[in-house]
Amino acid sequence: DYTKAIELFKLSRENNFEPGIYASSLYWIAEAYYQLSDYDNANDAFSEFLSSSGSISLPYYTKAYYGMAYTNYKQKKYKGAIFWFREYVDNAKAKNIGLINDALLRLGDAYFIQKDYRNAIEYYDKAKVIQASNVDYAIMQSALASGVLGNYQEKTIKLKELIALKSNSIYKDDALFELGKSFLILNKESDALAYYNKLIIEYPNSTFLPEAYLKVGLINFNMNQDDL
């Protein structure tokens, strides 16, 4: 019961002036508010924790950067989220590889949402290098950002890497579809046809199927026109 926990943490804070215990109460108040999706109060509590005299010696001091980042991210305050996720990445201990990886992915997402695709690619690629988890997501998003920037050749290389790295990825049908689209833009109709057909055969229930059939039909029509 997070609401009850907040009441108890507040009692601890109000009845104890030892800096470490006082700061600790603030941190757990912030975490409880976050779990309740009360991001304004969570943000205020994390901020108060970070500025309190007893916080810096606590083992979860840096974790508050991560908490601040997510309270901003959840409220779609992406500039604030970027600041705090970067603070976390720059200050976290190497053993926290899972959280560092997640912070890098969210940095990529925040930049992507703001249409800053070059920075999005930078952080997705950093997450890919760590290879902690969601590597296929990082590669997929990096590929999409490359496509938005008009780097279709680079996009196809990344999508092929995704398929080779994780053949059972949940993003594989997305990758096959995007490969088809990219090769069409590059005027490589045979390659596009191959990937659309692979999508149709391997993913008969994919949401991309109607458009894939349409593209295959158009490619075959154009090829027949060329033969006339």
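What you are looking at is a predicted structure, and each value in this text was computed from that prediction instead of being measured. Side chains included, hydrogens not; waters and symmetry mates left out as well; all remaining heavy atoms used.
- Proximity of the aromatic rings of Y88 and Y65 is defined here by a centroid distance below 6.0 angstrom, and this criterion is not met.
- With Y78 as reference, Y73 is the one residue of F112, W84, F83, Y73 to meet the ring pair (Phe, Tyr, Trp, His ring centres under 6.0 Å) rule.
- Contact check on K10 versus E14 returns no salt bridge, with no Lys/Arg side-chain nitrogen under 4.0 Å from an Asp/Glu carboxylate oxygen.
- With hydrogens and angles left out, the side-chain atoms of D116 and N119 include a donor and acceptor closer than 3.5 Å.
- Of the N and O atoms on the side chains of T156 and S182, not one donor lies less than 3.5 Å from an acceptor on the other residue.
- When only modelled atom types and interatomic distance are considered, Y60 and S24 share a side-chain donor-acceptor pair under 3.5 Å.
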Step by step, work out the salt bridge (Lys or Arg N to Asp or Glu O under 4.0 Å) result for R118 and E122.
CA-CA 6 Å; R118 295 188 191 281; E122 177 186 345; over 6 Å; no
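- Side chain to side chain, Y137 and D109 meet the donor-acceptor criterion of an N or O pair below 3.5 Å.
- Applying the salt bridge (charged side-chain N to carboxylate O under 4.0 Å, His left out) test to K166 and every residue at least two apart in sequence or in another chain returns D136.
- Using a 3.5 Å distance cut-off with no hydrogens or angles, the side chains of D125 and S142 do pair a donor with an acceptor.
- Between the side chains of Y70 and D102, at least one donor N or O sits under 3.5 Å from an acceptor N or O.
- Side chain to side chain, Y66 and N96 fail the donor-acceptor criterion of an N or O pair below 3.5 Å.
- When only modelled atom types and interatomic distance are considered, Y27 and E31 share a side-chain donor-acceptor pair under 3.5 Å.
- Judged purely by distance below 3.5 Å, without hydrogens or angles, the side chains of S146 and N151 never pair a donor atom with an acceptor atom.
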